[in-house]
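First up is the structure itself, then whatever we jot down about it.
FYI, the numbering just counts along the sequence from 1. When reading the values below, keep in mind they use all heavy atoms of this one structure, side chains included, and skip hydrogens, waters and symmetry mates.
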Amino acid sequence: MLTISAPRAVLDGRMTGPVEVAIEDGVIRAVRPADGVSDLVLVDGVLTAGLVDIQINGAFGVDFSSADDDAWDRVAASLPSTGVTAFQPTYITAPLGALVSGLHTAIEARERQEAGDRSLGVAARILGVHLEGPFLSPVRHGVHEKRFLADPTPEAIDRLLSAPGHEMLTMVTLAPELPGALDAIRRLTQAGVRVSVGHTDATADQITAAADMGATLVTHIFNAQRGLAHREPGVPGATMADRRFYCGLIADLHHVAPEVCSLVWKGARGRVVLVTDAIAAAGMPPGDYELSGIPVELGADGVPRNADGTIAGSALTLDQAVRNMISLGLPEAQVIEAASRIPADALGRADLGRIAVGARADLVWWSDDFHPLRTWVDGREAAAPTTAAALPAPRESLAVSP
């Protein structure tokens with residue numbers, strides 16, 4: 001058994017401490033007050049659960065839609081440097097056949113992880129696949145290629161739910177106003193797939209109808225959707241007001257202004273899910289990248305855009321999203337949970353995103369200014385951060401490798 005103690009830790013949405021966490025076989029076996037004699041004593045900073053990113057298209061120069069095995073493994077091994085210990089790779093709109101093939105690619109990547117090949121290193125776990133399209137509104141498609149948009153017909157849903165690797169499908173973003181969408185939501189949710197409303201021109205009434213059929217999330221609130229108005233609440237108003245919805249938020253402070261991030265936080269208190277919507281440009285310098293074959297330029301402002309200037313995902317990392325939200329004066333412990341426990345809950349994963357007995361031993365040690373210093377997945381320590389500016393060397397009184 002490995003024990004780790006820290007002067008501060010996030011437990012049940014509160015900052016508390018000192019705390020000791022006992023780990024055995026990759027699982028948290030005990031959480032108790034620290035007595036100073038743990039195997040690993042962290043003398044400062046904050047210990048939290050690992051972060052969970054439920055919308056990420058790629059990172060570190062890799063686009064999941066075209067990545068080979070090595071590239072998938074490289075992203076999974078690099079994400080812990082940003083505090084992420086679990087992620088839901090996302091494919092944007094493409095021909096349905098390509099998306100079905102992508103499910104198989106993702107399941108192979110997860111099988112390599114589960115085979116326990118130590119040569120892959122300690123990597124963030126792959127939770128399943130999020131299909132952001134092709135069932136999107138042609139008037140709210142954003143950077144998605146309009147030519148590949150489709151209605152969620154019974155035949156299309158049949159194909160997704162019966163495809164090889166269909167068990168990897170964990171989330172679908174769709175526009176609930178499309179023909180056949182409500183029946184598709186019902187069928188997907190009955191099959192255990194989370195449905196998120198997004199890239200949609202739906203009215204508030206149509207959003208409520210989607211929730212009645214089982215939709216439980218909204219994809220990147222305020223972006224690529226009917227906006228908030230005083231007589232028509234639109235997508236943001238409906239999903240903030242309806243407690244059945246978790247609200248995904250890209251907190252890079254470009255997609256959504258800081259003041260509106262604070263509004264979302266208050267309007268959907270306890271239901272905000274911080275996401276990156278990251279593309280290959282995340283963790284990389286300004287330059288040219290791709291998002292599902294679409295040329296994208298990452299400018300000096302840190303925002304990726306396609307040729308006509310439309311924002312194309314983000315270059316955000318989830319630890320930066322945490323720092324951005326904390327910089328708005330929001331409670332540190334609750335911000336951490338918006339990037340860990342709440343996204344895990346949104347996917348029905350009560351074993352992730354929390355420091356609690358029985359949860360997976362996915363942990364992050366942060367500096368006092370919330371930069372990840374060390375990360376553990378299943379109680380095994382990941383490589384030191386390599387994608388951000390140099391960080392202070394870890395400080396401890398005694399270290400024993402997990």
What do the steps show when you test Ser5 against Ser38 for side-chain hydrogen bond (donor to acceptor under 3.5 Å, both in side chains), and what is the final call?
CA-CA 6 Å; Ser5 65; Ser38 303; 3.3 Å; yes
Carboxylate-amine/guanidinium contact Arg74 Asp70, below 4.0 Å
no
Hey, are Asp252 and Ser314 close enough side-chain-wise for a donor-acceptor pair under 3.5 Å?
no
I'd like to know if Glu114 pairs up with Arg110 as an ion pair, taking the criterion as any Lys NZ or Arg NE/NH1/NH2 lying under 4.0 Å from an Asp or Glu carboxylate oxygen.
yes
If you compare all heavy atoms of Trp72 against all heavy atoms of Ala109, which two are closest, and at what distance to 0.1 Å?
CE3-CB, 3.8 Å
With the side chain counted from C-beta on, respond yes when Val260 and Phe222 share a heavy-atom pair under 4.5 Å apart, and no when they do not.
yes
Flag the pair Arg374 and Glu381 as a salt bridge only when some basic side-chain nitrogen lies within less than 4.0 angstrom of an acidic carboxylate oxygen.
yes
Is the shortest heavy-atom distance from the side chain of Phe370 to the side chain of Ile336 under 4.5 Å?
yes
Any heavy-atom pair between the side chains of Ile355 and Val10 that's under 4.5 Å?
no
Could you tell me whether the side chain of Ser340 and the main chain of Leu51 form a donor-acceptor pair under 3.5 Å?
no
Compute the ring centroids of His220 and His255, then answer whether they are less than 6.0 Å apart.
no
Side chains of Val52 and Leu127, heavy atoms from C-beta outward: is any pair under 4.5 Å?
yes
Going by an N to O cut-off under 4.0 Å, is there a salt bridge joining Arg323 and Asp369?
no
Is a side-chain N or O of Asp12 found less than 3.5 angstrom from the main chain of Arg14, in a donor-acceptor match?
no
With Ser137 as partner, the option from His199, Glu177, Gln225 fulfilling side chain to side chain contact (heavy atoms under 4.5 Å, CB included) is Glu177
Assess the residue pair Arg112 and Glu108 against the criterion (salt bridge (Lys or Arg N to Asp or Glu O under 4.0 Å)); give the C-alpha distance rounded to whole Å, side-chain angles, the decisive distance to 0.1 Å, and a yes or no.
CA-CA 6 Å; Arg112 288 194 301 277; Glu108 289 180 335; 5.1 Å; no
Can you name the nearest heavy-atom pair linking Val197 to Val235, along with the distance?
CG2-CG1, 4.4 Å
Strictly by modelled atom types, are Gln88 and Gln55 linked by a side-chain donor-acceptor pair under 3.5 Å?
no
Tell me which one of Thr200, Thr203, Val139 satisfies side chain to side chain contact (heavy atoms under 4.5 Å, CB included) with Arg226.
Thr203
Salt bridge (Lys or Arg N to Asp or Glu O under 4.0 Å) assessment of Arg244 paired with Asp242
CA-CA 5 Å; Arg244 291 176 290 182; Asp242 190 331; 2.9 Å; yes
Indicate yes or no: does Asp378 engage Arg125 in a salt bridge with an N to O separation below 4.0 Å.
yes
Work out which heavy atom in Leu174 is nearest to a heavy atom in Leu136; give both atom names and the distance.
CA-CD2, 4.1 Å
With side chains defined as the heavy atoms from C-beta onward, is the minimum distance between Glu145 and Thr93 less than 4.5 Å?
no
Can Asp345 and Arg354 be counted as an ion pair, charged N to O under 4.0 angstrom?
yes
Is it true that the side chains of Thr153 and Asp151 contain a donor and an acceptor less than 3.5 Å apart?
no
With a 3.5 Å cut-off and no angle check, do the side chains of His130 and Thr173 form a donor-acceptor pair?
yes
Steps toward salt bridge (Lys or Arg N to Asp or Glu O under 4.0 Å) verdict (Arg8, Asp368):
CA-CA 10 Å; Arg8 294 194 297 157; Asp368 289 321; 3.5 Å; yes
For Asp183, enumerate each residue passing the salt bridge (charged side-chain N to carboxylate O under 4.0 Å, His left out) test, keeping only those at least two apart in sequence or located in another chain.
Arg186
Glu24 side-chain N/O to Met1 backbone N/O, donor-acceptor pair under 3.5 Å:
no
Side-chain heavy atoms of Val122 within contact of Trp376, under 4.5 Å
no
Between Asp351 and Arg349, does any NZ, NE, NH1 or NH2 come within less than 4.0 Å of an OD or OE carboxylate oxygen?
yes
